[in-house]
Amino acid sequence: MPPLQRGALPPVVGFIDMDCFYVAVERARDPRLLGKPCAVVQYPTGQRGRPDLRPEDDRWRTGGPMGGIIAVSYEARARGVTRQMSGAEAKKVCPEVILVQVPTAFGKADLQIYKDAGDAVVDLLASRCDATEKRSVDEVAIDITGAAEHLLASRAAAELGAAASAATHLADSALSVDAAKVTRSSARQGHDKQQSRDTSELADGWEEVLRRAASDPVAWRLIAGAVVVKELRQQVESTLGFTCSGGVATNKVLAKLGCGLHKPNQQTLLLPHAAPVLLKDLPLDRLPGLGGDFGQAVKSRFGVQSAGELLQVPRPDVLKQFPQRGEWLLALAAGDDSAAEAVKDRQLVKSLSNGKTFFGEKRLRSLEEVDYWLGELTGELHRRYLQQVEKHQRTPSTLQVSLTLDQKEHLTRQQPIQLGSQGTPEQILQTAKACARRAGAVSGVISLGLSLSNMIPLEASSASLSKFFGRKSEGAASKEKGEKPQEKAKAKPKEANLLGACFARAADLLVHRLNQRPGLESCPASEFRPAKGSRSGRGCFGGAPAEHPAGDSERAGPGAQVEEAPL
DNA sequence: ATTTTGTTGCC
DNA sequence: GGCAACAAA
Ligand SMILES: Nc1ncnc2c1ncn2[C@H]1C[C@H](O)[C@@H](COP(=O)(O)OP(=O)(O)OP(=O)(O)O)O1
Ligand SMILES: [Mg+2]
Ligand SMILES: [Mg+2]
């Protein structure tokens, strides 16, 4: 990997998470919400033929059913409002709370305004980053090694130190370590440990850090990274009007962990020496991949609660209980770089999906009803598909239908679809119906979902290809957003697959080398199987397999699927 | 009684 | 390539 070869030094990784994001998007549209306790709700978007609520309509909810809360302002959090509450419950604990309903289109929630806002953040960040990875609608991981090194070379050390320390929490400060002790569920709600931002706390520890960093190149680059993140956050706020929190560390896991320690509108630097301090009492479920059944199994298997406790378990015991993932697990609990994937350069989503659930009485009882809702879902997805063609010159090649039937059975059916640049809703609907028929969707349908995936570039113009190669291999800020270079789609009946076929292999290798590193990485779910019937409160829409990562030889791999020993 | 997106294992 | 399961925001 020519451009970013940095010898043995680890990269400088930043992580950005927007503050109460959907609320922030609504506040940017309607400043009356600024400073007020408010929340965004999804009204149970049910019946056929109800008028849609467009983004520009008055969407404040005052009476009737209030829907479920999906985002909460910090003012409302302080008064006890939480996600997952119903609007009515929120009104009980906080009568002043303003509830804004998400727009609807095609008879269902329409999240487009939030997606657009999230994309704008990614675009802005990408201007200064070596790699920009969209992690969710409101999160971005960034490789800022280049920008940090540039600052180191162009600004005086004292100036950098002053700028970083004035704006950045240290992850091993007393306040940070306290913030790390709360479990995932309480951390998500926001708590006082995260919020106090007086300067005496910020100063805590910085003097010594700056002294020691003089002879520590890794630390110095990270400190410069904190300045980069500070500037990027400022730019996001002034350009887009959203505040966010930031984290800086040598890998994605730690950067994200740091990011979550102080919110809203704050940032945290997690230097290598702080990792053990922070992880010692960190509840295991705060680590990525351990927030679900697997994390619970790890906890109960060893009788541990924190990452520090897990590290006390004799290594052979861990490896015996979790042969495939034991090494990864221990590296993760230690905050080791080898447990985290490199920051990928992917600025766009890999799939477009939507879905709707039909509870109880609303269960779909006939083929006619199923087809009606497939039509509504198709309408929305087609609109989004056209947007991808226009804005990003790419088209999906797989359609997946997912549905839940009466007895909780969940099924998916997929098939290739050729939409090119001018696909029609009818084309999507016909394919969707075919999939639904194969799945046996006739009556007792509790949920329906559609997904378009396997995005491929439209138009194998030599321009788009050489752009891809040229920019990437020079390593300079590439504006490519991460589509698969192999397999070009025909924009029109013409344009065959010539260049695409020629370059597919080389492009694949190149992308792979830029995006992947060897090592432990990844956090799958083998070696742990949930109890038989234990699939109760989970989501309905199985996502679409977006694409194959063209797996590099040695993963923790399939082959030896090992059942965990019973308790 | 939510709606998305991404990953991995297995065939 | 197709499908199920899991994890996350
Ligand atoms: N379970 C969910 N269902 C639907 N939408 C969700 C869910 N979780 C999160 N979202 C949406 C709404 C959020 O504003 C947005 C970003 O999530 P997240 O970062 O976890 O919280 P947040 O941005 O609202 O607050 P915070 O300031 O704590 O980050 O994604
Ligand atoms: Mg957020
Ligand atoms: Mg988030």
Side-chain angles (χ1 to χ4, degrees), chain A residues 17-18 20-22 40-46 65 67-71 83-84 86 102 104 108-112 114-115 118 133-139 184 188 256 260 285 287-295 297 324-325 341 344 346 348-363 377 380-381 384 397-402 404 409-416 435 438-439 446-454 521-530 534-549 551 555-562:
Chain A
D17 185 299
M18 309 306 295
C20 56
F21 189 49
Y22 287 11
V40 172
V41 295
Q42 270 181 144
Y43 181 65
T45 69
I69 290 178
I70 56 175
R83 178 176 293 152
Q84 305 244 84
S86 72
V102 309
T104 67
K108 55 179 292 304
D110 176 10
L111 304 173
Q112 195 60 44
Y114 315 112
K115 290 174 181 153
E133 180 179 344
K134 183 178 182 67
R135 299 281 300 179
S136 82
V137 70
D138 90 322
E139 286 171 27
R184 171 177 300 228
R188 296 214 57 69
K256 176 171 172 125
D285 68 4
L287 293 172
L290 302 187
D293 293 346
F294 180 68
Q324 302 299 306
R325 297 198 286 167
E341 295 174 358
K344 298 182 173 97
R346 179 180 61 76
L348 303 176
V349 293
K350 301 171 78 164
S351 64
L352 312 175
S353 55
N354 64 8
K356 185 168 167 55
T357 45
F358 308 92
F359 287 106
E361 295 307 287
K362 303 211 192 89
R363 244 175 332 118
L377 294 175
E380 199 221 3
L381 219 50
R384 288 164 60 191
S397 56
T398 302
L399 176 75
Q400 177 175 279
V401 172
S402 50
T404 308
E409 310 162 272
H410 188 75
L411 297 146
T412 68
R413 292 293 181 266
Q414 68 185 55
Q415 71 179 63
C435 288
R438 275 202 285 145
I446 291 170
S447 78
L448 266 185
L450 293 186
S451 181
L452 288 169
S453 58
N454 280 327
E521 326 204 335
S522 75
C523 42
S526 72
E527 134 188 9
F528 167 74
R529 287 270 164 268
S534 77
R535 189 185 165 86
S536 49
R538 293 204 197 172
C540 283
F541 316 117
E547 82 184 77
H548 285 271
R555 276 265 177 267
Q561 165 78 1
V562 180

Task: A:S447 side chain vs A:T404 backbone, donor-acceptor pair below 3.5 Å - done: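 At least one qualifying donor-acceptor pair exists.
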Give the nucleotide from the list [options] with an atom nearest to the side chain of [X].
{"X": "A:S353", "options": "B:dT3, C:dA4, B:dT5", "value": "B:dT5"}
{"X": "A:K350", "options": "B:dT7, C:dA7, B:dT4", "value": "B:dT7"}
{"X": "A:R384", "options": "B:dT3, C:dA4, B:dT4", "value": "B:dT4"}
{"X": "A:R413", "options": "C:dC3, B:dT3, C:dA9", "value": "C:dC3"}
{"X": "A:F294", "options": "C:dA7, B:dT2, C:dG2", "value": "C:dA7"}

Would you please confirm or rule out a distance under 4.0 Å between OP1 or OP2 of [N] and any side-chain N or O of [X]?
{"X": "A:S351", "N": "B:dG6", "value": "yes"}
{"X": "A:T357", "N": "B:dT3", "value": "yes"}
{"X": "A:K108", "N": "B:dT2", "value": "no"}
{"X": "A:R346", "N": "B:dG6", "value": "yes"}
{"X": "A:R184", "N": "C:dA8", "value": "yes"}
{"X": "A:T412", "N": "C:dC3", "value": "no"}
{"X": "A:Q42", "N": "B:dT3", "value": "no"}
{"X": "A:K344", "N": "B:dG6", "value": "no"}

Give the rounded distance in Å between these two atoms: [atom1] of [X] and [atom2] of [N].
{"X": "A:I70", "N": "B:dA1", "atom1": "CD1", "atom2": "P", "value": "14 Å"}
{"X": "A:I69", "N": "C:dA9", "atom1": "CD1", "atom2": "C1'", "value": "16 Å"}
{"X": "A:R363", "N": "B:dA1", "atom1": "CZ", "atom2": "P", "value": "16 Å"}
{"X": "A:E133", "N": "B:dT7", "atom1": "CD", "atom2": "C1'", "value": "12 Å"}
{"X": "A:D110", "N": "B:dT2", "atom1": "CG", "atom2": "C1'", "value": "14 Å"}
{"X": "A:L348", "N": "B:dT5", "atom1": "CG", "atom2": "C1'", "value": "13 Å"}
{"X": "A:Q414", "N": "C:dC3", "atom1": "CD", "atom2": "P", "value": "5 Å"}
{"X": "A:K134", "N": "B:dG6", "atom1": "NZ", "atom2": "P", "value": "9 Å"}

Which part of the nucleic acid, if any, lies within reach of [X] when heavy atoms closer than 4.0 Å are counted: base, sugar-phosphate only, or nothing?
{"X": "A:V349", "answer": "sugar-phosphate"}
{"X": "A:K256", "answer": "sugar-phosphate"}
{"X": "A:G292", "answer": "sugar-phosphate"}
{"X": "A:L287", "answer": "sugar-phosphate"}
{"X": "A:R438", "answer": "sugar-phosphate"}
{"X": "A:N354", "answer": "sugar-phosphate"}

Could you give the distance from [atom1] ([X]) to [atom2] ([Y]), rounded to the nearest 0.5 Å?
{"X": "A:L287", "Y": "A:K256", "atom1": "CG", "atom2": "NZ", "result": "11.5 Å"}
{"X": "A:Q400", "Y": "A:S453", "atom1": "CD", "atom2": "OG", "result": "6.5 Å"}
{"X": "A:L352", "Y": "A:R384", "atom1": "CG", "atom2": "CZ", "result": "5.0 Å"}
{"X": "A:L450", "Y": "A:L377", "atom1": "CG", "atom2": "CG", "result": "5.0 Å"}
{"X": "A:E139", "Y": "A:E133", "atom1": "CD", "atom2": "CD", "result": "10.5 Å"}

Task: Upstream residue (5' side of DNA chain B) when A:G360 and A:K115 are each assigned their closest nucleotide - done: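 So the residue in question is A:G360.
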TODO: Quick one: list whatever passes side-chain contact (heavy atoms from CB on, under 4.5 Å) with A:E409, sequence neighbours left out.
DONE: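 Scan of A:E409 (side-chain contact (heavy atoms from CB on, under 4.5 Å), adjacent residues dropped) gives A:L405, A:Q407.
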TODO: Please work out the stems of DNA chain B from pairs that are Watson-Crick or G-U wobble with both distances under 3.5 Å, keeping only runs of three or more consecutive pairs.
DONE: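 Stem segments, range with range: B:3-11 with C:1-9.
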Open item on the list: Under the rule for side chain to side chain donor-acceptor pair (under 3.5 Å), what residues qualify as partners of A:Q112, not counting sequence neighbours?
Closed with: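 Partners of A:Q112 under the side chain to side chain donor-acceptor pair (under 3.5 Å) test: A:D116, A:Q387.
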Task: Sub-4.5 Å side-chain heavy-atom contact between A:D110 and A:V102 - done: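 The answer is no; the side chains never approach within 4.5 Å.
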- [ ] Could you give the distance separating B:dA1 and C:dA9 at their P atoms, to the nearest angstrom?
- [x]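 One P to the other, the span is 23 Å.
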